[in-house]
Amino acid sequence: MDIIIGRGKKARRAYGIDEIALVPGQRTLDPSLADTRWQIGGIERDIPIIASAMDSVVDARMAVLLSELGALGVLNLEGIQTRYPNPKPILDRIASVGKDEFVGLMQELYSEPIKPELIQQRVKEIKDKGGIAAVSATPAGASKFGETVAEAGADLFFVQATVVSTAHLSPESITPLDLAQFCQEMPIPVVLGNCVTYEVALNLMKAGAAAILVGIGPGAACTSRGVLGVGVPQPTAIADCAAARDDYNAETGNYVPVIADGGIVTGGDICKCIACGADAVMIGSPIARAKEAPGRDYHWGMATPSPVLPRGTRIKVGSTGTLKEILRGPAKLDDGTHNLLGALQTSMGTLGAKNLQEMQQVEVVIAPSLLTEGKVYQKAQQLGMGK
């Protein structure tokens, strides 16, 4: 139902991750029987988790480790890794400055030109060690470096921006990237995003997207919602875009995975996103907490270095365990940030979902008190869910 904001302005109620809960069905199953496999661009993965294309999360080494563990990592082609032959001292500088100096330093460091030869080198580093080479760029970067990426032999290309659409208007002096043409001409699958609405998701699928990314501004280090006032809470956005996927699949027979991107911290968050219709999730801060992550205990949004309007910040995430412990366990923490695969499998078992398709069909209820009901002691003592 529409809500009247004022004369001439209506609004639709949208729901965030913390406002919903999943309801068990009539059966349960052993978690070991829960099948979490999924496919993207013809590549099958055991874990429906993608590590975000952020400099604090994925470098060549992390991309290889993520591949080995059954997940996927995406390398940012417009970040530190492709601007500097040796990124280590640059990452050290980012971790060493205070809050007041951070944005200025980022603008300075990210003004260094992107080097095509480093793009090829990073892809080679991943491929030589048997990893899946998934890379990401903005539409402008994709237009400029698409050919370089194809020649380097990457496996997947993510074209990402705060909002991507097939109906982009540009000044006469600028030729916008034709997404349909780019998807058609690239010799590798192209993932498009981000979006939050049925219509845009459907148009991106029609343009040839191998998958779409859903989410505007929910990321832990993103400030777009505060700076721009733009965004839709993830469960509502995912459900709308998943409806577009299902309608497109019914019409064409082509199934385009929906990836929930941002705002996802715990295993429970992952479960809720899939229950709302996602095929996989893209996460940043949970992976940035891995001992092997390049961020030096920090995590920052990739719109932070913007020279005109920064839309990200740097947060301290710490180091809580190895990448294996975070993805596959065994968990050392009780707050849902370790053994994310185990959490998904256990939730699927509790809900009676044998695979991700069945997980997408479980009952969802509105439950704003889900995370606080009965948790007085945890909150008072800052334990478990009260941290």
Side-chain angles (χ1 to χ4, degrees), residues 1-3 10-23 25 36-41 48-50 158-167 179-180 183 189-218 230-264 268-283 344 347-348 351 353-367:
M1 294 179 61
D2 286 336
I3 300 169
K10 296 179 180 180
R12 181 166 64 108
R13 177 69 160 92
Y15 295 94
I17 292 175
D18 290 348
E19 295 179 287
I20 65 170
L22 311 183
V23 182
T36 61
R37 291 175 298 171
W38 76 296
Q39 286 194 5
I40 178 171
I49 292 175
I50 303 175
F158 287 63
V159 179
Q160 289 184 261
T162 302
V163 178
V164 166
S165 75
T166 55
L179 294 175
C183 290
V190 178
V191 179
L192 300 177
N194 286 32
C195 65
V196 289
T197 64
Y198 175 97
E199 292 80 9
V200 174
L202 188 60
N203 287 335
L204 293 178
M205 294 173 193
K206 291 178 179 178
I212 63 165
L213 297 160
V214 176
I216 295 175
V230 176
V232 175
Q234 284 292 58
T236 297
I238 294 164
D240 287 347
C241 294
R245 173 202 61 208
D246 293 341
D247 288 349
Y248 184 70
N249 181 48
E251 179 182 341
T252 67
N254 182 20
Y255 189 91
V256 180
V258 167
I259 302 164
D261 176 20
I264 301 156
D269 295 342
I270 295 172
C271 299
K272 292 180 188 181
C273 287
I274 293 175
C276 287
D279 297 281
V281 299
M282 176 174 272
I283 58 178
L344 175 58
S347 181
M348 290 172 67
L351 297 164
K354 292 185 293 184
N355 52 44
L356 297 183
Q357 289 70 40
E358 291 189 2
M359 186 68 168
Q360 292 169 345
Q361 303 302 317
V362 302
E363 182 183 354
V364 176
V365 295
I366 307 305

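Sequence positions, counted from 1, serve as the residue numbers for this chain.
Listed here is the closest heavy atom pair of Val362 and Ala275: CG2-CB, 3.6 Å. Listed here is the closest heavy atom pair of Val164 and Gly193: CG2-O, 2.8 Å. The heavy-atom pair separating Met205 from Val258 by the smallest distance is CE-CG2, 4.4 Å. Nearest approach of Cys183 to Ala209, heavy atoms of both residues: SG-N, 4.2 Å. Smallest separation of non-hydrogen atoms from Ala211 and Val256: CA-CG1, 3.6 Å. Taking both residues in full, the closest heavy atoms of Asp247 and Tyr198 are given as OD2-OH, 2.6 Å, listed atom of the first, atom of the second, then distance.
Remark: side-chain polar atoms of Asn194 are paired, donor with acceptor, to backbone N or O of Gly215 under 3.5 angstrom. No donor-acceptor pair closer than 3.5 Å links the side chain of Glu199 to the backbone N or O of Ala244. In terms of modelled atom types and a separation under 3.5 Å, the side chain of Gln160 and the main chain of Leu192 share no donor-acceptor contact. Using a distance-only test at 3.5 Å, with no hydrogens or angles considered, no donor-acceptor pair links the side chain of Glu19 to the main chain of Tyr15.
Considering only heavy atoms from C-beta on, Val281 stays 4.5 Å or farther from Ile50 through its side chain. You'll find the side chain of Pro233 stays beyond 4.5 Å of the side chain of Ile17, heavy atoms only. At a threshold of 4.5 Å between non-hydrogen side-chain atoms, the residues Val163 and Val200 do not count as touching.
Within a 6.0 Å sphere centred on CZ of Arg37, other residues, nucleotides and ligands contribute 12 heavy atoms or fewer.
In summary, the side chains of Asp279 and Gln39 do not present any donor paired with an acceptor at a separation below 3.5 Å, with no hydrogens or angles considered.
In this structure, SG on Cys271 lies 7.0 Å from CG on Leu22, to the nearest 0.5 angstrom. Here Cys195 contributes atom SG and Leu202 contributes atom CG; the two are 10.0 Å apart, rounded to the nearest 0.5 Å. Rounding to the nearest 0.5 Å gives a distance of 13.0 Å between NZ of Lys272 and CD of Gln234. The distance from the CD1 atom of Ile270 to the CD1 atom of Ile49 is 4.0 Å, given to the nearest 0.5 Å. The structure places CG of Asp269 at 11.5 Å from CD1 of Ile274, a figure rounded to the nearest 0.5 Å. Rounding to the nearest 0.5 Å gives a distance of 11.0 Å between CG of Leu204 and OH of Tyr248.
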TODO: Give the intermediate values and the outcome of side-chain contact (heavy atoms from CB on, under 4.5 Å) for residues Arg12 and Thr236.
DONE: CA-CA 10 Å; Arg12 181 166 64 108; Thr236 297; 3.9 Å; yes
